[in-house]
Structure formats: structure tokens, C-alpha cells
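Below is one structure, written out as C-alpha cells, with a few remarks after it.
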Protein chains: 2
Amino acid sequence: MNDGDEGTGHTARSKRADARRNEKTLLDAAAAIFVTSGVEAPVRDIAAKAGVGTATIYRHFPTRADLIIAVYRHQVEACAEAGPALLATSATPHAALGRWINLFVDFLVTKHGLAAVLRSDDAGFDALHAYFLDRLVPVCAQLLEAAARSGEIRSGLEAYELMRGVGNLCIGADRDPRYDARRLVELLIAGLRRPH
Amino acid sequence: MNDGDEGTGHTARSKRADARRNEKTLLDAAAAIFVTSGVEAPVRDIAAKAGVGTATIYRHFPTRADLIIAVYRHQVEACAEAGPALLATSATPHAALGRWINLFVDFLVTKHGLAAVLRSDDAGFDALHAYFLDRLVPVCAQLLEAAARSGEIRSGLEAYELMRGVGNLCIGADRDPRYDARRLVELLIAGLRRPH
DNA sequence: GAACAAACGGAACGATGTCCCGTTTGACGA
DNA sequence: TCGTCAAACGGGACATCGTTCCGTTTGTTC
């Protein structure tokens with residue numbers, strides 16, 4: 001899709017062939033580097049891997065956040081789309097919420113250092129932060145709301161807060177065998193249950 | 001205490017007066033800078049505030065972790081010592097645990113960016129990491145164990161893991177009014193309760 | 001007050017993110 | 001096919017920051 005025109009209605013000219021080729025090459029190189037060196041790998045490394053100059057990266061992806069978003073867009077979309085599906089197929093809304101959060105956690109902990117840059121307290125990743133929030137918070141809110149309506153959980157926790165908390169819990173979950181983010185997230189979700 | 005000799009038995013000469021003065025000046029300057037710019041403020045800023053050269057900082061505090069430890073040592077000690085006291089004066093071990101965790105959270109969220117460097121996934125803060133763990137994990141373990149013995153909580157969660165999780169939840173708790181780390185930590189502690 | 005080691009200050013070095021500018025190259029009309 | 005030109009490129013330049021080195025200053029001691 002979107003292989004040429006912009007959606008503005010004007011007939012915007014196609015990008016040059018080499019530019020499109022480089023964008024693809026950069027995405028592949030970045031994905032490979034992210035796996036081996038994490039999402040905070042030096043820009044020069046990615047440029048070298050792709051065989052382009054550093055300026056070319058900035059031309060295609062003005063901030064590192066844009067590059068990260070582009071690399072992981074498919075998986076984030078898949079996670080977002082899994083929300084309603086889980087809600088439809090799970091026994092209870094709380095079960096759906098738990099399973100969906102599990103998907104999210106699995107995604108985060110397998111992406112070297114991604115959770116660490118998702119934390120909002122460092123500037124420069126605003127676009128990444130905004131993308132994750134725009135895409136996933138509404139899904140989480142839908143699940144939370146359903147679980148609240150069913151009476152399974154206490155209300156009063158915003159989806160935004162839960163997502164941030166889960167993201168934070170996943171920081172450093174790789175590299176440390178003594179730290180199991182999944183278990184702590186499970187405890188957090190368990191703590192959501194309404195005490196009866 | 002320790003205003004001169006080392007404890008080795010040798011008669012180690014006192015440090016020079018200017019060195020001792022500079023160490024104090026540096027601690028004050030660092031504390032002030034940490035409040036305004038966070039614990040990751042540039043070394044040059046701290047040196048400038050103290051009116052010394054950058055090398056002087058490294059001479060007194062080989063790594064940034066050592067400086068941070070020195071600045072906050074008193075408060076960490078106080079937190080550690082509060083553990084047994086709370087256990088003795090609280091109604092139940094679980095209540096003591098909750099109150100102690102609250103102390104820890106209050107400490108973290110009021111120290112600009114401290115929680116962010118406590119996360120283990122970045123190297124270079126090993127000493128800081130080790131200090132917090134050495135000093136606080138045993139206290140937390142004592143509280144956890146008492147609560148487990150009383151049957152209030154599920155067992156199986158290591159104190160280390162809980163401390164790391166709480167620390168992670170506190171990352172970025174300042175700067176973001178929509179994110180309340182205390183509430184999430186409370187949920188986590190609530191999730192620890194044994195379902196009956 | 002002279003000698004010596006401790007301590008100092010700031011320049012120097014390396015790594016990294018970011019930007020600039022001279023050069024190359026793909027697209028399109030003649 | 002070939003000339004033109006803007007898009008795209010590459011790599012060097014600049015700024016920031018952590019860290020180290022080295023010539024100089026200063027406290028201490030005899």
C-alpha cells in the first residue's frame with residue numbers, strides 16, 4: 001500500500017527508486033542491528049551495516065523513534081488487533097486482559113532494550129512513546145472497561161497507567177536471569193482483581 | 001567517625017585538608033545539581049558548581065555510582081533501618097511490608113532520575129546497583145519472609161525480584177502527572193496477597 | 001623554609017548524535 | 001539518446017559528554 005501517491009489528493013511524484021531501495025535496506029539493517037546490539041545501537045553502526053552514509057538515515061527517519069517504529073510497526077499492529085479477538089474468544093474479560101498483556105510483555109522482552117526507551121522520562125523518543133500509546137492504549141482501555149463492567153476488577157486504573165507500568169516492569173528483563181518480568185506483571189494483574 | 005586512620009591497623013596518614021574540604025564541597029554540589037538536573041547531570045556541571053576541575057571528581061568518586069551512593073547513603077541507611085522497626089510496630093507483617101515499600105517508593109520518586117539508573121540493564125552503575133541490593137534486599141527479604149510465615153502472602157517471590165520490580169515501576173514517576181507509581185506498587189503488593 | 005608527595009585543574013582524547021555541503025544519480029522532457 | 005535539474009547521497013564537521021593524562025600548585029613534615 002501507499003506505493004507512490006500521498007493521500008492528500010494531489011498527485012505527489014513517486015520517490016526515487018534508489019531512495020525507496022535505501023529505505024528498505026535501512027529497515028533490514030536496523031532490524032538486524034537491533035537484535036544484536038539493541039535499539040540504542042550507534043547510528044553509525046546501522047549506516048555501516050546498510051552500506052549508506054549516516055545522513056541517509058536521518059533523511060529517511062528523522063529521529064531514532066521513527067526508525068524503531070518502522071521496524072516494529074507490523075508487530076505492534078498485530079498486538080493491537082489481537083485485543084478484540086482475545087476479548088471475543090476468552091472465558092472472561094479478565095482472562096482476555098491477562099492474555100493480551102502477556103502478548104505485550106512477550107513482545108517487549110524479546111526486543112533488546114525496547115522497554116527501556118519506552119519509559120517516558122527521557123526525551124527524544126516522544127514519537128515512539130506517542131505511537132505505542134496511540135495504538136495500544138485504546139485496546140487496553142477496551143479490555144479494562146470490559147473487565148470492570150463484568151465486576152472482575154477494581155475500577156479507577158487508567159489504561160495509560162497500566163501500560164506504562166507493564167512497560168516499566170519489562171525494563172531489563174533480558175540480561176538478568178534472576179528477574180522475571182512476566183511473574184511481576186502477573187502479580188500486578190492479579191492485584192487488579194476486585195477483592196470480594 | 002573514621003576521621004583519619006584506616007581500619008587496617010597501619011597508621012595511615014590523614015588525608016590532606018584540601019582534599020577533605022573538596023570532598024564535602026563536591027557532595028554538596030552534587031546534591032544540589034541532582035535536585036535540579038537529576039542524577040545523570042553532566043560531570044562538568046557538578047565540577048563547575050563545586051568550583052573544581054573534572055578530574056577532582058574522579059579522584060574522589062571513581063564512578064558516578066560512587067558519587068550517587070555517597071550523596072544518598074544516609075537516606076538509604078534510614079530506609080534499611082526502618083524495616084525491622086516497622087515489622088515490630090505494625091499490625092501484620094504484610095502491613096509492615098506495605099509501609100516499608102512505601103518508604104522506598106517515596107525515596108525513589110523524589111530523587112530525580114534515580115530509579116532510572118537503578119535498573120540493572122545499563123552497565124556503569126554496578127556499584128550503585130550492588131549497594132542498593134546489599135543494603136535493602138536483606139531487609140525486604142526479612143519482611144517478605146515474615147509475611148509468608150504468617151500466611152498472608154503467596155511465597156515464591158524473591159526479595160530481589162520485588163525490589164527490582166518496585167524500582168522499575170518508579171521510573172519516570174516524576175515528570176508525568178498521569179502516572180502514579182505509588183498506586184501501581186500498591187496493586188503489586190495487593191497481588192502478593194494469598195487468595196483464600 | 002625546603003623537600004616531597006598528594007591533590008589539583010584543565011586540556012586532550014574517544015565515542016556518539018546531529019547537521020552541512022559538495023557530489024552523484026535517477027527521472028523526465030527535448 | 002542525451003541534457004538538465006532537483007532529489008538523494010556520503011562522509012566529514014561540529015557539539016556534547018565521559019574519561020584520562022600531565023604539568024603545576026599546595027599541604028604537610030622535618
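Predicted model only: the values in this text are computed from it and were never measured. Residue numbers start from 1 in every chain, and the chains themselves are labelled A, B, ... in the order their sequence lines are given, proteins ahead of strands.
With rounding to whole Å, B/R16 atom CZ is found 12 Å from D/dT24 atom C1'. What separates CG of A/D45 from C1' of C/dA15 is a distance of 11 Å, to the nearest Å. What separates CD1 of B/I46 from P of C/dG9 is a distance of 15 Å, to the nearest Å. Rounded to whole Å, the distance from CD1 on B/I33 to P on D/dG18 is 12 Å. For the pair B/E23 CD and C/dC8 C1', the computed distance is 15 Å after rounding to whole Å. In this structure, CG of A/D18 is placed 6 Å from C1' of C/dG26, rounded to the nearest angstrom. A straight line from CZ of A/R20 to C1' of C/dG26 spans 11 Å, rounded to a whole angstrom. The NE2 atom of B/H60 sits 9 Å away from the C1' atom of C/dC8 (whole-angstrom rounding).
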Restricting to nitrogen or oxygen on both sides, can you table the protein-nucleotides 17-19 of chain C pairs closer than 3.5 Å?
{"residue": "C/dG17", "atom": "OP1", "partner": "A/R64", "partner atom": "NH2", "Å": "2.9"}
{"residue": "C/dG17", "atom": "OP2", "partner": "A/V43", "partner atom": "N", "Å": "2.9"}
{"residue": "C/dG17", "atom": "N7", "partner": "A/R44", "partner atom": "NH1", "Å": "2.7"}
{"residue": "C/dG17", "atom": "O6", "partner": "A/R44", "partner atom": "NH2", "Å": "2.8"}
{"residue": "C/dT18", "atom": "OP2", "partner": "A/Y58", "partner atom": "OH", "Å": "2.8"}
{"residue": "C/dT18", "atom": "O4", "partner": "A/R44", "partner atom": "NH2", "Å": "3.4"}
{"residue": "C/dC19", "atom": "N4", "partner": "A/T54", "partner atom": "OG1", "Å": "3.4"}

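Note on A/G124: nothing from the nucleic acid sits closer than 4.0 angstrom, heavy atoms only.
In this structure, B/N22 does not reach the C/dA7 phosphate: none of its side-chain N or O atoms is under 4.0 Å from OP1 or OP2. For the pair A/R59 and D/dC9, the criterion of a side-chain N or O lying under 4.0 Å from OP1 or OP2 is met.
Listed by chain and residue number, B/P93, B/I153 satisfy the side-chain contact (heavy atoms from CB on, under 4.5 Å) test with B/A147 (two or more places apart in sequence, or in another chain).
Summarising the geometry, atom OH belonging to B/Y179 is positioned 11.0 Å from atom CG belonging to B/D174; distances are rounded to the nearest 0.5 Å.
Under a cut-off of 6.0 angstrom, the local environment of CD in B/E158 is sparse, with at most 12 non-hydrogen atoms contributed by other residues, nucleotides or ligands. For B/K111, the NZ atom sits in a packed shell: over 12 heavy atoms of surrounding residues, nucleotides or ligands are nearer than 6.0 Å.
A 4.5 Å side-chain heavy-atom check between B/L162 and B/L188 finds at least one atom pair inside the cut-off.
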Chi angles and distances behind the side chain to side chain contact (heavy atoms under 4.5 Å, CB included) call for B/L144, B/L192: CA-CA 10 Å; B/L144 264 184; B/L192 259 179; 4.2 Å; yes
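In this structure, A/R73 forms a cation-pi arrangement with A/Y131, its terminal cationic atom sitting closer than 6.0 Å to the ring centre and no more than 45° off the ring axis.
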